[in-house]
There are 2 protein chains.
Amino acid sequence: MPRRIDNNFNAEPTIKDISQIYDVLTDEEKEKVLNNHSVKHFKKNDVIYQEGEIPDSLLCLGSGKVKVYKVGFGGRDQIVRMANPTSFIGYRAFFAEGPHVASAVVIEPCTIFYIPKAIVYELLESNHQFSLNIIRSLAQELGFSRYRTVTLTQKHIRGRLAESLLVLKDIYGFEDDGITLNVYLSREDLANFSNMTTSNAIRTLSTFVNEKVITVDGRIIRILDQETLEKISKLG
Amino acid sequence: MPRRIDNNFNAEPTIKDISQIYDVLTDEEKEKVLNNHSVKHFKKNDVIYQEGEIPDSLLCLGSGKVKVYKVGFGGRDQIVRMANPTSFIGYRAFFAEGPHVASAVVIEPCTIFYIPKAIVYELLESNHQFSLNIIRSLAQELGFSRYRTVTLTQKHIRGRLAESLLVLKDIYGFEDDGITLNVYLSREDLANFSNMTTSNAIRTLSTFVNEKVITVDGRIIRILDQETLEKISKLG
DNA sequence: GACTCAATATGTTATAAAACATAAATCTAG
DNA sequence: CTAGATTTATGTTTTATAACATATTGAGTC
């Protein structure tokens, strides 16, 4: 029975929390952003955007968790990104000036800030540090994407699942106890993140439990032996 | 016996040909770039950069062809990009401000322009249109990378190889006859681009020949029936 | 609290593709 | 021109994992 854990439970986030954008702006630019953005709240399983849609705003995830996935061929989806606060959402399509080629769905209740396209492009023009932040983000994400292409195609099931658990740990971290993964995915999502069938995700998760590498309680996953998990991930 | 085909056989390229950068600069900036870049020539199989190296210049491919690949686990490499003129090389790591996570090797003799890091960052600061070009490039490449992640993990061998041939066609085009792929890869490179073993690339290529979809003469590949090839690619 | 639907679990079978094994052809160097 | 190395080709075996088939459990609903 997964409790809901929210990083921003006490404080409702504002756009000022989106440091990647807000920290580099001048006072004048900050004013502009404050006066020209909107806020939306989403609940679990809500669709934030869908493949094919044309983005007209830059989306910033203030709180919550989001999966971004592409629909595959045999009906199997591939989760290409798990987003955490505070980061941009769907910004690849926005900056490529094309349609979304993936869909974004809420994993945990979200607060999302919308900055209209015109404003974003004014900022890019007036503030090169903001541009640099975008450039760095995209470059890093491209590196991650290529890395995942190789691991998802070349590692075996155990390696893929172990890696996915470690990636989730890197993105969302642990709860206060230091071992419980701070994200609660269905076996299907876990499978779609790791390029395998749901059956195999369940099965492999069970073998990890038997090997005392993790414990599983519903969707709560605890990493007991991170070193071994890293070894499994490395071996492929 | 593949003849060497060079897009820029007659005219040795200059940095002025790198439209993505040169076209958007002011006269002053152009002067700066002209006075602060170097040119290097590479021959087939030369290593342009290697995984782990820290980039200190922005590289622009003036002429030639380059493969960018990551070393996999079971010794099998994955080609993550085939670069054509005139585009940036290794710019992901450059802009991520980290080490290269892939290696670049020459497929066909190259002319490469080097613009020092300091100059590039001056340009990013003074010319937001240049920044926008970089942003758009990275965003588009990230889209492509995610697309390939899904197809390389989900499509079957025939679909993967068919897609790779079509991607190569999109990148390098045909020769004057309109059917001969303007790039000459070993079966191993073709396999590493398509996430399969060399044996299976050879085998599958043969079945395509038997099905009269392509012809193969050494490394020369002619696409006889593009429609069918697209169908094979789509079916997975 | 029984009922329904979705999620999880696990065993069995089928199959795509890797791994392995040679052989033939082509290229390279002395 | 010959010898060795590399690339291409093709057949056979093995294996990882998808596909299929049922249970079982759990969550939400009337």
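Letters A, B, ... mirror the listed sequences (proteins, then strands); counts begin at 1.
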Q: How close or far is atom P of C/dA7 from atom CG of A/Asp189, stated in whole angstroms?
A: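 The distance from CG of A/Asp189 to P of C/dA7 comes to 10 Å, rounded to the nearest Å.
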
Q: Quick one: B/Leu205 CG to D/dT10 P, roughly how many Å, whole number?
A: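 Between P of D/dT10 and CG of B/Leu205: 11 Å.
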
Q: Using whole Å, report how far CG of A/Leu152 lies from C1' of D/dT17.
A: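 It works out to 15 Å between those atoms.
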
Q: Mark up nucleotides 13-20 of chain C, 5' to 3', with B wherever a protein heavy atom is under 4.0 angstrom from a base atom, S wherever such an atom reaches only the sugar-phosphate, and - elsewhere.
A: ---SSBBB

Q: I'd like a table of donor-acceptor pairs (distance under 3.5 Å, sequence neighbours excluded) in which one partner is a side-chain atom from residues 39-52 of chain A, with atom names and distances.
A:
{"unit_1": "A/His41", "atom_1": "ND1", "unit_2": "A/Thr111", "atom_2": "OG1", "d": "3.4"}
{"unit_1": "A/Asp46", "atom_1": "OD2", "unit_2": "A/Lys43", "atom_2": "N", "d": "2.7"}
{"unit_1": "A/Tyr49", "atom_1": "OH", "unit_2": "A/Gly90", "atom_2": "N", "d": "3.4"}

Q: Once you round it to whole Å, what is the distance between P of C/dT8 and CG of A/Leu185?
A: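 Nearest whole value for this atom pair: 10 Å.
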
Q: Take atom CG of B/Asn45 and atom P of C/dC27, then tell me their distance rounded to the nearest Å.
A: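 Distance check: B/Asn45 CG to C/dC27 P gives 15 Å.
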
Q: Tell me the interatomic distance from A/Arg187, atom CZ, to C/dT8, atom C1', rounded to whole angstroms.
A: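 Going from CZ in A/Arg187 over to C1' in C/dT8 covers 7 Å.
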
Q: I want to check a possible cation-pi pair here: A/Arg158 against A/Phe208, using under 6.0 Å from ring centre and within 45° of the ring axis as the test.
A: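 Checked: cation-pi criterion not met.
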
Q: Is there a salt bridge (Lys or Arg N to Asp or Glu O under 4.0 Å) between A/Glu141 and A/Arg92 once you walk through the steps?
A: CA-CA 10 Å; A/Glu141 199 151 332; A/Arg92 192 215 61 80; over 6 Å; no

Q: Roughly, in whole Å, what's the span from OH in B/Tyr184 to C1' in C/dT26?
A: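 Atom OH in B/Tyr184 sits about 19 Å away from atom C1' in C/dT26.
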
Q: Check the angle between the aromatic planes of B/Tyr91 and B/Phe95 and answer parallel, tilted or perpendicular using the 30° and 60° thresholds.
A: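 Ring orientation of B/Tyr91 relative to B/Phe95: perpendicular.
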
Q: Just one of B/Asn195, B/Asn192, B/Thr197 clears the side chain to side chain donor-acceptor pair (under 3.5 Å) bar with B/Arg76, so which one?
A: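 That would be B/Asn195; it is the only one of B/Asn195, B/Asn192, B/Thr197 passing the side chain to side chain donor-acceptor pair (under 3.5 Å) with B/Arg76.
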
Q: Taking atom C1' of D/dA9 as reference, at what distance in whole Å does atom CG of B/Asp217 sit?
A: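 Result: 15 Å.
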
Q: Under 3.5 Å, side chain of B/Glu175 to main-chain N/O of B/Thr180, donor-acceptor pair present?
A: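 Not at all, since once roles are kept as given, no pair shorter than 3.5 Å links the two residues.
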
